[in-house]
Structure formats: structure tokens, C-alpha cells
Amino acid sequence: MKELNHLDLNLLKALNALLEERNVSRAAERLALTQPAVSAMLNRLRHRFNDPLFIRSSHGMLPTNRALALQAPVKLILENISALVKPIEFKPEELKYTFKLAGTENGIRTLGVPFALKIAKLASDVKVAFFPIQGQPLEERLLTGEWDLAILGEQELTENLYYQRLFSETYTCAVRHNHPVLKQEWTVETFCQLEFVLVAYNGGHFAGATDTALERLGKKRKVKISVGHFSLLPDLLKQTDYATVAPSHFLRSRNDLVLLEPPFVIEGYQKAMAWHARANHDPIQQWFRQIMADVAEEVKNP
DNA sequence: GAATTGTGGTACGGGCGGAG
DNA sequence: CTCCGCCCGTACCACAATTC
């Protein structure tokens, strides 16, 4: 399409105005330009089409056959381009899409699930696919569109991603019902006498935010089991005297466990959603992100 | 950062038709 | 015929974007 290299869309607009007005001055007025400017554009059009296009006469500017032949296609082209650049309008209920959401197990459970339920109500032809975020090249997955959005801790964000904070996550301690520790005074000392199950996504780790906090107090705890999934926690805790410290939003609804405020300060983190620049201005993606932000508000203030 | 290029602005000239 | 108004085209300038 080499012939498009020097084509100015404004020239086509001018040609269209000239064809409809058959008068340079009026065409100029319609184009919000001065008459000499449009005259110069007509001159450029004449060179481009190698045709006088309009002949001055006592009845105004008479279009040549070439100009008349251009009228319909030029109008069509301009209408098409105008439709092309018009902002995308979409109705959620008519949207067909598979939304790809990556997150930690906790992120999917606390935000992904209510998000998917809300989407199902608003856009019945939209499917939601969850992806585990661990060990994946986050930026690349978002760049290529394999994922649309990622739910993660703010500390996992990388420089080239757009993000929005969703809520603050804190930590809560949990043990089984009738656990002996419940009869004791709940202090840092009793906490440290317990044995723990720890969730480490990457596997094999036996220390986390809790241990960092304890270290600052000059204390230690015993972590006996390290699991890769939160879903293993409830069964393990119910069968043993082990305790755990896990994100508060994950434990909040577990009636089968007893929840305890940690007897010391454990630094929480900001839960955020992240997306790539390619999705930043997309109105459909913006709509999905707004739904996620709404869901986060509901999670924050149940 | 200077040179180049493209575009639109103002000023103005000239053709043309109509009124007097 | 002359004058006036309308209209188009050209010359020249300013400005912005681009290139080197």
C-alpha cells in the first residue's frame, strides 16, 4: 500500500466537503479552515489524482467526471474510518469473552471467586479462567494476553505494570476447636510454644512474615510442616494441635477453626491487581477491572 | 540544536457576473 | 462601461513536527 504513504486523510475530508458544497469557501467553513487553505488542499488533491477535479465556472466549482466518480467511495471510506475511531461501546450482557485471571490461591479464593460470580450475573456469555501465578513470568503473560489481570501482593509488582491497590491484608492465627492453647493466656510466649503449619507457595520454606516479626522481638517459633496450598490447612489443623498464621481474608469465614489475633504485630501487605499497558485503555478491560475493584470493596467491608 | 518539511494563516491579485 | 462583491488562487510568513 505504498500509494498510501503520502495520503493525508484531511485531503479526503476536504474532497468530500468540496464535492458536497461545490464551493471552496463554504467547504472551508465546514472544515473550519480558511478558504486559501482549502484552495491549497484542492491543489494537492489535483496533483494526487492527476485531474483538475473542479473547474471554475459561473455556476460554481463544477466537478469533473473523476471527481464525481470519487464521491461515493470517499464518503464510504470516511464513514468507515469514523466508525473505526469511534470509542468502543459494548454491553456486558452481549459480551463474549474468556477473562483470564491469575492469582495466588488466596487471591483467587478471596477475590477471584466473588469476581466470577458477579461476572456470571452481569455478563452471561463471559467465562472466567483462573491461573496460578506462582513461578510464571508475570509481565510476559500479561503482555501476550495469556492473562488479562493478576491478583498479587504489592511487593510482587514489577516496574512495567499498571496496578491498583485493592485492600490491606493482615494475618490471623488459627487452631482447631478445643485446642489446649485456648485454655491458656494468649501471649507471645504461648504462641511460641505452639507448633505450626506454614503455607509456602514456592514449597520447602519454613519461615515467613510471622518469623520476621518474631525475630524483631528476639523470639522464635517451631514450623513443623510446610505446605504449598491453603486448602490443606483446615484438615491438617483439625486433626492435630498444630497452629497456623494465614491471611485474614482467607481464614475469616472458617467456622470449623478458632481464629485468634496474633499476640504481636505481624506486618501485613497490600493486595493489588496488575495489568499491562496494552490493556490499560481497553474499555472492556477497564470494565472488568472496575468489577474487580467493586468486589474488593465488598470483601473489605462485608 | 539547526535545517528541513509540511501545513495553515493573512494579504492580496485577478476573473467574473450583476447593478447602476 | 464602470464599479462592486464574490470567489478562487498565489505569495509569503509563522509554527510545529521531524530529521540529522
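Computed from a predicted model, the values in this text were never measured in an experiment. Residue numbers begin at 1 in each chain, while the letters A, B, ... track the order of the sequences.
With no hydrogens or angles considered, no side-chain donor-acceptor pair links A/Asp235 and A/Gln239 at under 3.5 Å. Judged by distance alone, the side chains of A/Gln270 and A/Tyr163 never bring a donor and an acceptor atom under 3.5 Å apart. For the residue pair A/Gln184/A/Thr190, the side-chain donor-acceptor check at 3.5 Å is not satisfied. At a cut-off of 3.5 Å, with distance as the only test, a side-chain donor of A/Asn280 or A/Trp275 sits close to an acceptor on the other residue. Checked by atom type, the side-chain pair A/Glu146/A/Thr144 shows a donor-acceptor distance below 3.5 Å.
Considering A/Lys219, A/Lys220, A/Arg221 in turn, A/Lys219 is the only one that fulfils the salt bridge (charged side-chain N to carboxylate O under 4.0 Å, His left out) rule with A/Glu189. The salt bridge (charged side-chain N to carboxylate O under 4.0 Å, His left out) test with A/Asp148 singles out one residue from A/Arg289, A/Arg278, A/Lys100, and that residue is A/Lys100.
Within the 6.0 Å centre-distance limit, the rings of A/Phe99 and A/Phe115 are counted as a close aromatic pair. When ring centroids are compared, A/Phe264 and A/Phe191 come within the 6.0 Å threshold.
Rounded to whole angstrom, the span from the NZ atom of A/Lys13 across to the P atom of B/dT7 amounts to 14 Å. Between A/Leu62 atom CG and B/dC16 atom P the separation is 14 Å, expressed in whole Å.
Mapping A/Leu33 and A/Arg56 onto DNA chain B by nearest heavy atom places A/Leu33 at the nucleotide closer to the 5' end.
Protein chain A touches strand DNA chain C; the 5'-most and 3'-most nucleotides with an atom under 4.0 angstrom of its non-hydrogen atoms are C/dC7 to C/dT10.
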Exercise. If pairs are Watson-Crick or G-U with both distances under 3.5 Å, what is the dot-bracket string of DNA chain C, marking crossing pairs with [ ] and pairs to another strand with |?
Worked result: ||||||||||||||||||||
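No engagement by A/Asn10 is indicated, since no non-hydrogen atom pair under 4.0 Å with the nucleic acid exists. Residue-level contact check: A/Arg46 touches the backbone only, with heavy atoms under 4.0 Å from sugar-phosphate atoms and none from bases.
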For this session: Mind running salt bridge (charged side-chain N to carboxylate O under 4.0 Å, His left out) on A/Glu169 and A/Lys271 for me, showing each step along the way?
Result: CA-CA 6 Å; A/Glu169 184 66 282; A/Lys271 209 86 181 158; 5.3 Å; no
Problem set entry | side-chain contact (heavy atoms from CB on, under 4.5 Å) assessment of A/Glu156 paired with A/Leu138 | CA-CA 9 Å; A/Glu156 296 161 75; A/Leu138 174 64; 5.7 Å; no
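Contacts between residues 34-42 of chain A and DNA chain C, counted as heavy-atom distances below 4.0 Å, involve A/Gln35, A/Pro36, A/Ser39, A/Leu42.
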